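Counting convention: from 1, in listed order, for ligands and their atoms alike. All values below were derived from every heavy atom in this structure, side-chain atoms included, with hydrogens, water molecules and symmetry-related copies excluded. Values in this document were obtained by computation on a predicted structure and should not be read as measured data.
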Amino acid sequence: MQYSYYAYQHPFQKPLQTRYGLWSIRQGLIVTLQDDAGNIGQGEIAPLSWFGSETWTQAQDFCHRLPSQLTETQILAIPDRYPACQFGFGTAWSALTAPAISTESSPEICGLLPTGERALSEHSHLWEQGYRTLKWKIGVDIPEKEQSLFQQLIAVLPQQAILRLDANGGLTYDLACQWLQLCDQVSDQIAIEYLEQPLPPEQLAAMLTLSQEFRTSLALDESVATLAQLQRCYQQGWSDIFVIKPAICGYPHRLRQFCQTHNIDAVFSSVFEAEIGRQACLRLAAELSNPKRAIGFGVRHWLSLHG
Ligand code: MG
C-alpha cells in the first residue's frame, strides 16, 4: 500500500480550561493509504499526551520514519506506546479492507459546558441545540467556590437535564467524598449521571471503595485511556462506567473485540479529533457504547473546524 500523511492544526474557538491547563489548538495527523486498485483509506491520529498517549511530536516522528510503501503486517505491528497512531493507521486500514456501512443512528450526545461560572450563563445555548445530558468540569477552582457554583447550576438547569461531573483526577479522597455526598443529596432535584475520574489513575483501589459507598455512580476515564489500562481496571473489578476515548485507545479492531467479549458499561467520548477521526469514533460508538447513555461527542462548538 502507498502511504502518505499530513499534519493539521485546528484552533479552539475559545481555549478549553481543564485541570491540565488551557488547551487552545488541536494538532493531529491524517494518514492516507492507497491500495494497488487505487482505493483510498484515511485515518486520523489525534494524540492526547496528558492522558497517556504518545505526544504529537512522537506521532509525527513515527509517521515520518515509515517508508512510503507499507504492508498489512507493518500496519498491524505498531507498538502499544503509540495508541493514537494505532488508531489512525487501524482506521485507514479498515477503511480500505472493510469499508463502513453507513448507519442511520443518531445517538444522544452529551454537551460539554464551559468550566466555572460561564456554565451558568451558557447552559441554555446547549439546551437550545438539543443537548439533554451536560458535562461540567470540576477540580479546577477552589472547592467551596465550585460547590456553590454547582448548587447554582443545578438550580438553573431544566429539570429534565442529566448532569455529569468530570474531575479529571483532580480531587483528594476527602474532597471526592464531599462531592459524592453533595451529588447524593441533590439527586431528588436533578439527575447526576456520574462523577468522572475523581482521583488520579494510580488510586484505583480508593475509587473502587468510593463506588461502593455512595449512590452516585463513578466513571473511569484517565484510568482507562489505553486498551491495556482498560483491561487492567476491568480485571481489578471495576464494574461502574468506563469512558472510552477510541482515538487514543489503540487499534479499533482490538477495542471492538474487548467490548464485544466483556459486558461493560461504556461511554464513548471524544478527544476533540477532526472530521475523519470523529466519523471513525462515531461508528465505533454506534456499535459499542451503552445506548442508554449519551456519548461524549458534544464538543463541536469548541472547535473551529474550518481553521
Ligand atoms: Mg473525562
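Classification of the Trp23-Phe272 ring pair by plane angle, with boundaries at 30° and 60°, yields perpendicular.
Geometrically, Arg164 does not engage Trp136 in a cation-pi contact, judged by NZ or CZ lying under 6.0 Å from the ring centre and within 45° of the ring axis.
The side-chain heavy atoms of Cys259 and Ile264, taken from C-beta on, include a pair separated by under 4.5 Å.
Here the Mg ion (ligand 1) has protein N, O or S atoms under 2.8 Å from it, and they come to 3.
Taking the charged nitrogens against the carboxylate oxygens, Asp80 and Arg254 do have a contact shorter than 4.0 Å, which makes a salt bridge. A salt bridge links Asp265 with Arg293; the closest basic N to acidic carboxylate O contact falls under 4.0 Å.
Within the structure, ring pair (Phe, Tyr, Trp, His ring centres under 6.0 Å) pairs that include any residue of residues 141-162 comprise Phe150-Trp179 (at least two apart or interchain).
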